[in-house]
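Everything numeric here is computed off the predicted structure, so don't read it as measured data. For the single chain, residues carry numbers from 1 onward in sequence order. Keep in mind that the numbers below use all heavy atoms, side chains included, and drop hydrogens, waters and symmetry copies.
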Amino acid sequence: PSSKFITMFSPVRPNPKRPECSDRFIPNRAHLDIDWSEYMLKDNLSTPTKRTGMASMECPAIQDEYNSTLVDSLFPEHRGKVFTYSQTPLTSPSRSYFSQKELDVLTPIRKRKTKRRNIPKVPEKILDAPDFVDDYYLNLLDWSSDNLLAVALGRTVYIWNADSGDISVLVTLGEDDYVCSVSWANAGQYISVGTFKGDVLLYDGHQGKLVRTLKGHGNRVSSLAWNGQIVSSGSRDSTIINFDVGEQMPVVSVFEGHEQEVCGLKWNPEGTQLASGGNDNLLLVWDHNNSERPRFQFNDHQAAVKAIEWCPHQPNLLVSGGGTADRHIRFWNTSTGACLGAHDTKSQVCSILWSKSHKDEIISSHGFSQNQLIVWEYPTMTKLTELSGHTQRVLQMAMSPEGETVVSVAADETLRFWKVFEKQNNHSNTKVKNSRLLGNCFIR
């Protein structure tokens, strides 16, 4: 036969230099993924419940991510088409959040961490506070809604105007007496002063004049708290007296539940409950209209309870701190009486404040052994930062009216101003200016 005839019917030899291809209308079965093609045509995996029996995801975006991760796991080399007409390079699996973390497709989705804000660790200002009484049970510092800071040093109460930096003397007691507590009224004009002799002095803080003297205690008044025109006083005689400063007969009621000195006292923002802490290690919660007995009596603390604060963002949420033998910060639901959590701070808890602008943050001041302030995240009690500088126990704190600055006073006889809760994209109206707290006391 002719060579032409032989050539026509000879087996076709593949050309190694030419890639194997199919007809433009006929797919290449050798490179076809049957399972992937079936999935693309029939299943399409619309929800994870369809294939796995799992409960459906709450968030559509998370559900789509879950579906994509599951497909990558089942078809790591899928090409994205039902039919394949030519061999193409394999594509890498989708680089999703889950594949980067190498999570199993059935692992619950974890919340991503948020970036923490920067909290300055250096105080803005430091004021000397000579003759400050080193007594854990006293309350000698308070900041008014009119931006006036009151601090008691020995027998004298000083008023520092945070706007102007001016200092004035409110009162100086006799030689046989000294100041045990100070507290501004909610409106800011009037201030109450508790004395060693057991009196409660009511002053007009703007004019510096004594308005009236409230009597009833048999020992020093170590704690004060306002609720409208009602001022409550806690004493070493273990009683709490509620005075209506607008009435001729001011005593409204007397709360008797403690066995020792009442060193912590705070009304809740609604004015319906009063929390009291004592040297008897008790934390009591009183209803404003029931003086016969406290609504709740908590005895979990193993030391004196002075640090008390109500949450300004959530009703019936109370936080308390114990002394040296206890060292715990505890959270309470004052509607049910349940303890919501406890955290060992490793040191004496002297004072607690709840942030006004950062609702999930609190700050506490401490004694032995670090004498520091700590900013915590609620409810995890994650330590956000520590503020050091005081050389002795930090006995009390107060917060500025707008809630950005915290002032601390310690047994080292210094006042330190910390910009702890600065609001984002906002400049504070509180001006901390250079001034003298006393004639011979200079800003450092």
Side-chain angles (χ1 to χ4, degrees), residues 113-127 139 141-151 160-163 165 183-184 186 188 225 264 266-269 306-315 317-321 329-331 341 343 345 347 349-366 370-390 394-410 414-433:
K113 294 182 179 180
T114 56
K115 185 179 180 180
R116 293 180 180 176
R117 62 188 182 87
N118 180 38
I119 302 175
K121 294 188 176 182
V122 179
E124 284 192 316
K125 293 292 178 185
I126 302 177
L127 297 172
N139 295 271
L141 184 71
D142 198 19
W143 205 328
S144 77
S145 58
D146 290 337
N147 214 11
L148 301 177
L149 181 67
V151 57
W160 178 69
N161 189 317
D163 291 325
S183 179
W184 287 98
N186 306 105
K266 283 288 180 70
W267 281 97
N268 67 347
K306 176 194 176 187
I308 298 175
E309 178 77 344
W310 291 91
C311 176
H313 314 288
Q314 182 176 338
L317 179 55
L318 176 68
V319 58
S320 60
I329 291 178
R330 304 178 190 273
F331 297 89
H343 182 77
T345 66
S347 61
V349 184
C350 302
S351 180
I352 299 176
L353 296 175
W354 207 298
S355 173
K356 298 177 182 179
S357 54
H358 301 268
K359 63 180 182 179
D360 296 330
E361 294 180 14
I362 64 172
I363 183 171
S364 57
S365 68
H366 299 269
Q370 298 298 320
N371 306 314
Q372 81 280 43
L373 287 76
I374 303 178
V375 181
W376 308 89
E377 184 182 65
Y378 174 81
T380 62
M381 290 305 288
T382 302
K383 188 183 295 184
L384 300 181
T385 191
E386 290 192 20
L387 306 176
S388 303
H390 286 292
V394 187
L395 290 167
Q396 198 173 355
M397 298 182 296
M399 187 177 293
S400 59
E402 88 294 338
E404 294 192 6
T405 303
V406 171
V407 58
S408 58
V409 62
T414 63
L415 287 162
R416 295 171 188 260
F417 295 81
W418 313 84
K419 198 79 167 183
V420 182
F421 301 116
E422 187 172 7
K423 301 174 184 177
Q424 296 181 353
N425 301 324
N426 184 37
H427 298 286
S428 172
N429 293 324
T430 302
K431 304 173 183 178
V432 182
K433 296 185 176 182

Given Trp418 and Thr405, is the side chain to side chain donor-acceptor pair (under 3.5 Å) satisfied, shown in steps?
CA-CA 6 Å; Trp418 313 84; Thr405 303; over 6 Å; no
Would you please test His366 and Ile374 for side chain to side chain contact (heavy atoms under 4.5 Å, CB included) and show each step?
CA-CA 8 Å; His366 299 269; Ile374 303 178; 3.8 Å; yes
Please report the C-alpha distance between Trp354 and Glu361 in whole Å, then the side-chain angles of each, then the deciding distance to 0.1 Å, and finally whether the side chain to side chain contact (heavy atoms under 4.5 Å, CB included) criterion is met.
CA-CA 6 Å; Trp354 207 298; Glu361 294 180 14; over 6 Å; no
Might you work through the side chain to side chain contact (heavy atoms under 4.5 Å, CB included) test for Asn139 and Gln396, ending with a clear yes or no?
CA-CA 7 Å; Asn139 295 271; Gln396 198 173 355; 3.8 Å; yes
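With hydrogens and angles disregarded, a donor-acceptor distance shorter than 3.5 Å links the side chain of Lys266 to the backbone of Ile308. Between the side chain of Trp310 and the main chain of Leu317, no donor-acceptor pair closer than 3.5 Å is present. Glu377 places no side-chain N or O within donor-acceptor distance of the main-chain N or O of Thr382, the cut-off being under 3.5 Å. Counting only distance, with no hydrogens or angles, the side chain of Gln370 and the backbone of Gln372 share no donor-acceptor pair below 3.5 Å. Without hydrogens or angle criteria, Asn371 side chain to His390 main chain gives no donor-acceptor distance under 3.5 Å. At distances below 3.5 Å, not a single donor-acceptor pair connects side-chain atoms of Arg416 with backbone N or O atoms of Lys125.
Between the CH2 atom of Trp143 and the CG atom of Leu141 there is a distance of 9.0 Å, given to the nearest 0.5 Å. Separating the CD1 atom in Ile362 from the CD1 atom in Ile352 is a distance of 5.5 Å, to the nearest 0.5 Å. Here the CG-CG distance, from Leu149 to Leu415, works out to 6.5 Å after rounding to the nearest 0.5 Å. To the nearest 0.5 Å, the span separating OG on Ser365 from CG on Leu395 amounts to 7.5 Å. To the nearest 0.5 angstrom, Thr380 atom OG1 is 9.5 Å from His343 atom NE2. To the nearest 0.5 Å, the span separating OG1 on Thr414 from CD1 on Ile126 amounts to 6.5 Å.
Gly188 and Ser144 make their closest contact through O-CB, 4.2 Å (heavy atoms, listed as atom of the first residue, atom of the second, distance). Considering all non-hydrogen atoms of both residues, Pro120 and Asn118 come closest at CD-O, 3.8 Å. The two residues Ala307 and Val349 have their closest heavy-atom pair at CB-CG1, 3.9 Å. Shown here for Val394 and Cys350, the closest heavy-atom pair between the two residues is O-CB, 3.1 Å.
Applying the side chain to side chain contact (heavy atoms under 4.5 Å, CB included) criterion to Thr385, with sequence neighbours excluded, gives Ile119, Lys121, Val375, Leu387. Checked against side chain to side chain contact (heavy atoms under 4.5 Å, CB included), Ser357 has the following partners two or more places apart in sequence or in another chain: Ser355, Phe421, Lys423. Legend: residues meeting side chain to side chain donor-acceptor pair (under 3.5 Å) with Asp146, ordered by chain and number and at least two apart, are His206. The side chain to side chain donor-acceptor pair (under 3.5 Å) search around Lys383 returns Glu386, not counting sequence neighbours. With sequence neighbours excluded, the residues forming a side chain to side chain donor-acceptor pair (under 3.5 Å) with Asn268 are Glu270, Thr272, listed by chain and number. Remark: Lys356 engages Met399 in a side chain to side chain contact (heavy atoms under 4.5 Å, CB included) (not counting sequence neighbours). Legend: residues meeting side chain to side chain donor-acceptor pair (under 3.5 Å) with Trp376, ordered by chain and number and at least two apart, are Ser364. Qualifying side chain to side chain contact (heavy atoms under 4.5 Å, CB included) partners for Ser145, counting only residues two or more places apart in sequence or in other chains: none.
The closest side-chain heavy-atom distance from Tyr378 to Lys359 is not below 4.5 Å. When side chains are defined from C-beta on, Leu127 counts as touching Phe417, because their heavy atoms get closer than 4.5 Å.
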